[in-house]
Trainee: 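The following block contains the structure, expressed as structure tokens.
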Amino acid sequence: MNAAHTGSQPQYCEVVINSDRRKVYNWREFSAGTRGVLTRYKLEQTTGHGVDIPSRDQDLYGGGFLLFPNAFHSDNLKIFQTVGSSVEERFNRHVGIYMRPEPIDSIQLRPSQDVEQDNAWDIGSIFQLYAVDESHLVGEQHPGADGRITVTEPLRDTNHLSLLMHMRAQEGVEAWQGERIYQIVNGSDNDDRYVVQRLGGENNEVNKIIDGRFIEQRVGWSPDELAPKGSFGTIAALYPELQSAEFYQSWISQHASSEGVYFPVSQENGRWEYRDRVSELRFYPRFRSGSAVGSRIDAYRVPSNPTTRYLVGEGGDRLVKLDVPPGVVCLRAIFVARTDADQVEDGILIELNEDTSTLNYARRRVSAADGTHETGRADDNEFGVAPGRRAPSNVFGCGILNFLQHAADDREKHVLAIVGTSGGRLALYGGRWRSRHPVKSVTFKPRMGNVFEKGSAFELSFVPETANHIWG
């Protein structure tokens, strides 16, 4: 969604599933704005929460994405995740739980009525509904006899792998009602070779921000058998450049679950300290006997277009420019990168249509590293981070940048990003390019370094315009 509302201040949008306005929605919010980084939750509400949207007074369109995995099964409560922003004013992530098992047949969205009643969508708001293209499905995997879920087939046919995990631990602890989901890459079941940074909000009793760095195999969190019946956690994970042996393999994930203790919504980014191509991924709940019945993982190849893909060679590159093909929607960029900056960490700058003026960009960043978190707004074109020369050898960062309504000529361009330095800083960005011109090219540059190092990879991912369906 790329939208605005008729009220006077940024607000979240309400989500109603199957026209059901009973008190059957739980939600948790993780947000960053002028009051810092916050998290809160509410139970037994009459609506769920979606992404933030700006007011009409700003003459801007914001919003983001809502993901409804396993929407059409009848054996699970319906959980959805969101990521979005009121452009650069406020970045937010929500998890919503519709506490009913019925398949989803309708989704209603409206601006929040809590602050300003009769608030409505403004003229020019755009909503697009997409279904996952099952032609890219590698396979749906279920727990084996050992309670673990294994993804093996055929990982060598794609540059990037996207996983939608629907997870629940087979056993539980009353004080937790949830469990960490662990991973084993290429059979490497060794905690000290996995480094993870997490940023999010949790805990039902005392709302708190989690900004921890871990040496463990975790990829997310799920409920266990003591959580509400039918409750499964959802993890959306990207494994970029899994064909490369140039650097330690990395991953980035978003996860959320509904249970009565931690009730988390988070994102994680990490690395495995091996340079092998990925041939097998295995997942299981830590400390428990295995995954519960109903757990499953859908593995998808990310479509690749060679004309929008660039690999940095010997000597490095001071910039990477990718041209946007005509007739595409839902534009995003995927990258894995490292720079030669004489720092542990470098920033990544973007230039749209080769616009080099930082004053033509604005963004909010929320990030965490070394157990601390921060947020700040800037007139700036930094929309990513990457390891520099002083970072451990072979460590490359990774991330995803989304360009909402990139081809529109009636609005400034909204940009959302989730990036990390693979065990160091994890950063989320929401902002804009102050231009109504359609985006024709995306250029990446190091902020402090001279070049991107060999092995860095940049690629545009998109949906053909023929697959677009505007329903509102």
Trainee: I'd like to know if the side chain of R332 pairs up with that of N402 as donor and acceptor (distance under 3.5 Å, no hydrogens or angles considered).
Mentor: yes
Trainee: Tell me, with the steps shown, if H136 and Y300 meet ring pair (Phe, Tyr, Trp, His ring centres under 6.0 Å).
Mentor: CA-CA 5 Å; H136 300 296; Y300 294 90; 8.2 Å; no
Trainee: Is it true that D118 and Q113 share a donor-acceptor pair across their side chains at a distance under 3.5 Å?
Mentor: no
Trainee: Establish, from distance only, whether the side-chain atoms of Y25 and E14 form a donor-acceptor pair under 3.5 Å.
Mentor: no
Trainee: Flag yes if more than 12 heavy atoms outside E134 fall under 6.0 Å of its CD atom; otherwise flag no.
Mentor: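 Yes, the 6.0 Å shell around CD holds more than 12 heavy atoms from other groups.
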Trainee: Are W221 and F263, when compared by the centres of their aromatic rings, separated by less than 6.0 Å?
Mentor: no
Trainee: For the pair N186 (side chain) and R277 (backbone), establish whether a donor and an acceptor sit closer than 3.5 Å, ignoring hydrogens and angles.
Mentor: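 Confirmed, N186 side chain pairs with R277 backbone.
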Trainee: Mind checking whether E89 and Q9 have side chains closer than 4.5 Å, heavy atoms only?
Mentor: no
Trainee: In terms of side-chain heavy atoms, does Q170 have a donor or acceptor partner in S291 at a distance below 3.5 Å?
Mentor: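 There is no such pair (donor and acceptor under 3.5 Å, judged by atom type) between the side chains of Q170 and S291.
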Trainee: Taking only residues two or more places apart in sequence, or in another chain, which ones meet E205 in a side-chain contact (heavy atoms from CB on, under 4.5 Å)?
Mentor: N203
Trainee: Within the supplied structure, the quantity of interest is the number of heavy atoms (other residues, nucleotides, ligands) at a distance under 6.0 Å from F287 CZ; does it exceed 12?
Mentor: yes
Trainee: Regarding N190 and S188, do their side chains bring together a donor and an acceptor under 3.5 Å, going by distance alone?
Mentor: no
Trainee: W433 vs V439, test: side chain to side chain contact (heavy atoms under 4.5 Å, CB included). Steps then yes/no.
Mentor: CA-CA 10 Å; W433 178 40; V439 177; 4.1 Å; yes
Trainee: Could you give me the CA-CA distance, side-chain angles and deciding distance for E374 and S367, then say whether side-chain hydrogen bond (donor to acceptor under 3.5 Å, both in side chains) is met?
Mentor: CA-CA 6 Å; E374 59 81 31; S367 77; 2.4 Å; yes
Trainee: Cation-pi check, R338 to F247: give yes when NZ or CZ is under 6.0 Å from the six-membered ring centre and within 45° of the ring axis, no otherwise.
Mentor: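 No cation-pi geometry.
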Trainee: Please confirm whether the backbone N or O of G294 pairs with a side-chain atom of R296, one donor and one acceptor, at under 3.5 Å?
Mentor: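 Checking the backbone N and O of G294 against the side chain of R296, a donor-acceptor pair under 3.5 Å is found.
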Trainee: Does one side chain, of H255 or E268, offer a donor that lies under 3.5 Å from an acceptor on the other?
Mentor: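 Judged by distance alone, the side chains do pair up.
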Trainee: Is the backbone N or O of T6 less than 3.5 Å from a side-chain atom of D122, with the two atoms forming a donor-acceptor pair by type?
Mentor: no
Trainee: For Q267 and N269, run side chain to side chain contact (heavy atoms under 4.5 Å, CB included): C-alpha distance rounded to whole Å, both residues' side-chain angles, the deciding distance at 0.1 Å, then the answer.
Mentor: CA-CA 7 Å; Q267 35 278 313; N269 169 239; over 6 Å; no
Trainee: If we ignore hydrogens and angles and just use 3.5 Å, is the side chain of S253 paired with the main-chain N or O of V219 as donor and acceptor?
Mentor: yes
Trainee: Nearest 0.5 Å, please: how far is CZ in R168 from NZ in K229?
Mentor: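 Rounded to the nearest 0.5 Å, the NZ-CZ separation comes to 10.0 Å.
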Trainee: Would you confirm whether H73, through its side chain, and D75, through its main-chain N or O, come within 3.5 Å as a donor-acceptor pair?
Mentor: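 No.
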Trainee: Mark yes or no for whether T372, through its side chain, and A369, through its backbone, hold a donor-acceptor pair below 3.5 Å.
Mentor: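 Pair found, side chain donor or acceptor close to backbone of A369.
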Trainee: Would you please say whether a donor-acceptor pair under 3.5 Å links the side chains of Q141 and T150?
Mentor: no
Trainee: Could you tell me whether the side chain of S162 and the main chain of L238 form a donor-acceptor pair under 3.5 Å?
Mentor: no
Trainee: Using the side chain to side chain contact (heavy atoms under 4.5 Å, CB included) rule, take E382 and R365 through it: C-alpha gap first, then chi angles, then the decisive distance, then the call.
Mentor: CA-CA 9 Å; E382 178 194 289; R365 184 178 88 167; 3.3 Å; yes
Trainee: Assess the side chains of E241 and Q249: does a donor N or O sit below 3.5 Å from an acceptor N or O?
Mentor: no
Trainee: Is N18 reaching over with its side chain to a backbone N or O of I107, donor-acceptor style, under 3.5 angstrom?
Mentor: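 It does not hold such a pair.
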Trainee: Just one of H414, R90, R432 clears the side-chain hydrogen bond (donor to acceptor under 3.5 Å, both in side chains) bar with S85, so which one?
Mentor: H414
Trainee: Measuring from atom CD1 of I210 to atom CZ of R198, what distance do you get when rounded to the nearest 0.5 angstrom?
Mentor: 5.5 Å
Trainee: Is the gap between the ring centers of F127 and W121 under 6.0 Å?
Mentor: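 Yes, the ring centres sit under 6.0 Å apart.
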Trainee: According to side-chain contact (heavy atoms from CB on, under 4.5 Å), who are the partners of S74, at least two apart in sequence or on a separate chain?
Mentor: P103
Trainee: Does atom CG (D114) have a neighbourhood of more than 12 heavy atoms from anything else shown, all under 6.0 Å?
Mentor: yes
Trainee: Take I350 and F403 through the test side chain to side chain contact (heavy atoms under 4.5 Å, CB included) and record every step on the way to the result.
Mentor: CA-CA 12 Å; I350 65 168; F403 305 93; 4.1 Å; yes
Trainee: Decide yes or no on side-chain hydrogen bond (donor to acceptor under 3.5 Å, both in side chains) for R28 and T39, but give the supporting numbers first.
Mentor: CA-CA 7 Å; R28 174 173 288 283; T39 187; 3.0 Å; yes
Trainee: Could you verify whether a donor N or O on one side chain and an acceptor N or O on the other, from T375 and R364, lie under 3.5 Å apart?
Mentor: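 Yes, R364 and T375 have a side-chain donor paired with an acceptor closer than 3.5 Å.
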